[in-house]
Asks: 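This is the structure I want to talk about, given as structure tokens.
Just so it is clear: chains get the letters A, B, ... in the order the sequence lines come, proteins before strands, and each one is counted from 1.
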Number of protein chains: 2
Amino acid sequence: MISKVDTGRNGTGTLNPVEVETIHLFVQLSRALGQPPSVAEIYGLLFISPQPLPQEDFLQRLNLSKGSASQGLRYLQDLGAVRTVYQAGDRRVYYEAVAELRNLVNRFLRQQVLPYFEGSGDRLNRIAAEAKKLPADQRDLAIARVKMLKSWGTRCWVWCIPARFITC
Amino acid sequence: MISKVDTGRNGTGTLNPVEVETIHLFVQLSRALGQPPSVAEIYGLLFISPQPLPQEDFLQRLNLSKGSASQGLRYLQDLGAVRTVYQAGDRRVYYEAVAELRNLVNRFLRQQVLPYFEGSGDRLNRIAAEAKKLPADQRDLAIARVKMLKSWGTRCWVWCIPARFITC
DNA sequence: CAAATCGCTCATTTTTTATTGAACTCACTG
DNA sequence: CAGTGAGTTCAATAAAAAATGAGCGATTTG
């Protein structure tokens, strides 16, 4: 991946130095955040592209397989990091990056993190119930910790997601 | 891992239900954040423990290997998620969880994320320099995007890290 | 309607990551 | 100073994750 490089405009199957470096940055970042490299490559390329790109571009310019491109784009779309654009007279679906940090962080927290604190199964409430049954020397701390975990869930919202963004 | 369960106080080699559930929650969370399960298990157990624990406890109660416990604890300590406690009359090192969300997030951002935006190699400045050489139709967007990436680095600080925490 | 295009799915393969445990160091202890 | 316990390191192994691509179905085109 990220093998072909040229120095001028991006002909088919090539990446210019700015694209290479940008993609590389996203790939590195993705490691820290536990995201697959192929997804980072896709987002990186879109992030630096002046115009929307069809799937084909990812296959050719990033040397991705059809599967990776398809799944990666879907994942990014679900995450709200990418949106589709319809191009007149072209059957293919074009993609463009949604390049707003706040938006990205919000959605990441909402979709990947919050569920564990507010899962429909209400795991935290179950833990709290169990905690009350513990022997005295463990109970107090356990109850306090569970309360703390609940507050973490709440804090995610308060912290990063201004009211105008809460639409779901 | 997380195999032995009992319902009373935690004898050697066992985990009570609250511990199991808490650990499980952290293990799940760790997936979303790209952290190894063994690290999550260690942190989860410490998080819910009323008193500091020595390495031995992780070997026995979580069934971890010496290597995992040692490396995991070190990793958590480097991250500032765990601190050591000295226990009178015991040669072993005891650990306790640092359970402050802000602290954890700060350190994670500072250590795992920020470096890519402010690396000593100044990757972003190199990208910016390259961007200026691009043909007109790509240059403007590229320059804007690089500026945006720089602002992301800055935003990390402004966002989550009140001045009183910046001590390094 | 046959042929071509686009893109998805998912079983398999490849690659990466995490875990293990034997061998070691260091510091105490009797 | 031999023996023991705590803890680390790191090469080997096991486990998990990511990537691949053949095989589909759906849609368009001539």
Asks: Just compare C/dT19, C/dG7, D/dA18 and give me whichever is closest to any side-chain atom of A/R92.
Replies: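 Between C/dT19, C/dG7, D/dA18, the one nearest the side chain of A/R92 would be C/dG7.
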Asks: The test is side chain to side chain donor-acceptor pair (under 3.5 Å); show your working for A/Q138 and B/N16 and say whether it passes.
Replies: CA-CA 11 Å; A/Q138 292 180 54; B/N16 69 42; 2.9 Å; yes
Asks: A/E56 or A/R31: which one's nearest nucleotide on DNA chain C is closer to the 5' end?
Replies: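 On the 5' side of the pair lies A/E56.
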Asks: How do B/R91 and B/V39 order along DNA chain C: which one's closest nucleotide is nearer the 5' end?
Replies: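 Between the two, 5'-proximity favours B/V39.
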Asks: Are B/Y94 and B/Y86, when compared by the centres of their aromatic rings, separated by less than 6.0 Å?
Replies: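 Judged by ring-centre distance (under 6.0 Å), B/Y94 and B/Y86 do not meet the cut-off.
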Asks: What nucleotide, of D/dA19, C/dC8, D/dT8, holds the atom closest to the side chain of A/S70?
Replies: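 Closest nucleotide among those given: C/dC8.
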Asks: Answer yes or no: is there a donor N or O on one side and an acceptor on the other, between the side chain of B/T22 and the main chain of B/V18, under 3.5 Å?
Replies: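 At least one qualifying donor-acceptor pair exists.
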Asks: Under the 3.5 Å rule, do the base of D/dG7 and the side chain of B/K66 count as making a donor-acceptor pair?
Replies: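 Check passes, donor-acceptor contact within cut-off.
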Asks: Could you tell me how far apart B/F58 (CZ) and D/dA6 (C1') are, to the nearest whole angstrom?
Replies: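 Computing the B/F58:CZ to D/dA6:C1' distance gives 15 Å.
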Asks: Write down the distance between OH (A/Y75) and C1' (D/dA19), rounded to a whole number of angstrom.
Replies: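 Rounded to whole Å, this separation is 16 Å.
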Asks: DNA chain D: B/V93 or A/G34, which has the more 5' nearest nucleotide?
Replies: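 On the 5' side of the pair lies B/V93.
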Asks: How would you label the contact of B/P54 with the nucleic acid (heavy atoms, under 4.0 Å): base, sugar-phosphate, or nothing?
Replies: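 Nothing: the residue B/P54, judged by heavy atoms under 4.0 Å, touches no strand.
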Asks: In whole angstroms, how far is the C1' atom of C/dT9 from the CG atom of A/L73?
Replies: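 Spelled out: CG on A/L73 to C1' on C/dT9 is 15 Å.
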Asks: Both B/Q55 and A/P36 contact DNA chain D. Which one's nearest nucleotide lies toward the 5' end?
Replies: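 Its nucleotide being nearer the 5' end, the pick is B/Q55.
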Asks: So what does A/S38 hit on the nucleic acid, given a heavy-atom distance under 4.0 Å: a base, only sugar-phosphate, or nothing?
Replies: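 Answer is sugar-phosphate: A/S38 comes under 4.0 Å of backbone atoms only.
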Asks: Rounded to the nearest angstrom, tell me the gap between atom CG in B/L64 and atom C1' in C/dA18.
Replies: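 For the pair B/L64 CG and C/dA18 C1', the rounded distance is 12 Å.
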Asks: When the distance from CG of B/L62 to C1' of C/dT20 is rounded to whole Å, what number comes out?
Replies: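 That distance rounds to 15 Å.
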